[in-house]
Amino acid sequence: MMPKFAYARPKSVEEALKLLSPPGSVVHAGGTDLLGCLRDRVYEAETVVSLTQLSELRGIQKAADGGLHIGALTTITEVAESPLVNGLYPGLAKAASEVASPQLRNQGTIGGNLCQKPRCWYYRGEFHCLRKGGDTCYAVAGENEFHCIFGGDSCFIVHPSDTAPVLVALEATVEIVGQKGMRKVPAGDFLVPPATDPQRETVLEQGELVTGISLPPPATGLHSSYRKVRARQSWDFALAGVALALVMDNDKVTKARVVLGGAAPVPWRSLEVEKVITGRKLDAATIRLASEAVIQGAKQMDQNAYKLPLFRGVIEEELKAITAPTSLSKSS
Ligand SMILES: Cc1cc2nc3c(=O)[nH]c(=O)nc-3n(C[C@H](O)[C@H](O)[C@H](O)COP(=O)(O)OP(=O)(O)OC[C@H]3O[C@@H](n4cnc5c(N)ncnc54)[C@H](O)[C@@H]3O)c2cc1C
Ligand code: SF4
């Protein structure tokens with residue numbers, strides 16, 4: 001049963017910020033993650049502050065510098081179907097189209113997708129684990145089939161968002177407002193790894209909210225893509241996700257950002273793969289080295305060793321696809 005909470009629908013960002021100031025106030029965007037968490041008592045809220053009347057936080061606009069601005073309340077479907085997003089950053093459109101089910105994409109927002117809570121079954125269940133303020137990570141000795149192979153420290157979740165790895169690869173910026181004003185944080189710094197603090201997912205302070213996401217103008221020759229592997233073809237979170245933002249000069253990579261999803265508690269930049277492919281042609285030898293590099297430093301748990309060959313295979317296929325004539329013309 002849903003616990004009791006107060007519910008407010010402010011008509012301006014200023015009003016929303018006042019309502020969000022007290023501890024116990026939480027943001028409600030599409031509610032697809034929030035309401036399940038409240039119902040299952042993953043965490044509690046005294047006041048749920050709905051952003052749904054703040055139409056200024058919704059929509060996708062071309063920025064003066066040639067990049068894009070996406071309002072936090074823009075639905076995942078709008079991101080997936082936007083001609084602007086498809087034209088400039090096909091990888092982001094693809095990632096959005098792979099989120100959950102059509103119903104959830106129609107209701108869920110891009111801001112909520114970035115801020116959603118982890119899916120670890122102990123966290124979502126009745127276990128008072130480390131992330132909830134306890135002192136034990138139950139996944140270490142328990143069921144860890146869907147947990148991380150990189151970046152596990154005291155908590156071993158994988159970040160659940162499909163859009164986040166692409167936003168990190170594309171060097172997006174997250175815009176945040178609070179009572180003290182506005183600040184902008186690179187998407188790669190917005191999500192907090194457990195080594196920094198195992199009890200928070202984002203850098204948001206109490207009372208702050210995400211207003212939008214900015215994407216820089218795409219470089220000439222930018223190839224952006226996202227590949228998600230899941231256990232079921234219907235809605236499911238990524239077992240492995242690979243976001244690529246490669247700047248190509250014909251078949252040579254001049255700049256690379258390779259970010260893994262389903263791999264680590266935050267979107268995980270594979271600096272190893274980036275190093276191997278930058279400055280090189282994507283020939284068979286380079287691709288083989290990249291598929292070895294992607295698992296360098298990985299630490300498997302008892303039940304998730306399958307992720308290592310999975311990431312190797314996905315990297316290999318995704319890099320091969322770039323030099324295949326059909327995919328090159330599709331994404332450039
Ligand atoms: C069955 C199911 C399957 C799913 N599968 C996938 C999947 O495959 N891939 C994937 O990426 N996601 C998946 N999701 C998660 C889904 O994408 C997210 O629930 C959705 O994007 C969240 O958006 P929302 O607007 O509904 O957020 P809400 O539920 O409203 O909020 C989620 C969290 O973010 C906070 N929040 C929301 N907006 C803001 C804001 N603007 N500023 C500050 N804080 C904010 C809320 O306080 C809350 O903590 C799935 C969810 C479900 C229920
Ligand atoms: S992986 Fe993290 S969320 Fe899951 S049980 Fe361990 S501490 Fe809790």
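Numbering of ligands and ligand atoms starts at 1, following listing order.
Note on atom 2 (Fe) of ligand 2: protein N/O/S atoms under 2.8 Å are C155 SG.
In H147, the part holding a heavy atom less than 4.0 Å from any atom of ligand 2 is the side chain.
Between the side chain of S291 and the backbone N or O of R288 there is at least one donor-acceptor pair closer than 3.5 Å.
The protein residues lying under 4.0 angstrom from ligand 1, judged by non-hydrogen atoms, are V27, H28, A29, G30, G31, T32, D33, L34, Y43, L51, A72, I76, V99, A100, L104, G108, T109, G111, G112, N113, C115, Q116, R119, P160, S161, D162, L204, L209, V210, K228, W235, D236, F237.
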In residues 141-156, what donor-acceptor pairs under 3.5 Å come from side-chain atoms, sequence neighbours left out?
from, atom 1, to, atom 2, distance (Å)
N144, OD1, Q303, N, 2.9
N144, ND2, A139, O, 3.0

For residues 29-37, which side-chain N or O atoms pair as donor and acceptor with protein atoms under 3.5 Å away, sequence neighbours left out?
from, atom 1, to, atom 2, distance (Å)
D33, OD1, R119, NH2, 3.2
D33, OD1, R124, NH1, 3.0
D33, OD1, R124, NH2, 2.9
D33, OD2, K117, N, 2.9

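For the 3.5 Å distance criterion, the side chains of N113 and S161 qualify, holding a donor opposite an acceptor. Looking only at atom types and distance, the side chain of T75 has no donor-acceptor partner in the side chain of N106 under 3.5 Å away. Donor-acceptor pairing under 3.5 Å is recorded for the side chains of T52 and R9. With no hydrogens or angles considered, no side-chain donor-acceptor pair links D251 and T323 at under 3.5 Å.
Between L38 and Y43, some side-chain heavy-atom pair lies under the 4.5 Å cut-off.
Here K94 pairs with E98 in a salt bridge; the nearest charged N to carboxylate O distance falls below 4.0 Å.
Applying the 6.0 Å contact sphere to CG of D135 captures no more than 12 heavy atoms from other residues, nucleotides or ligands.
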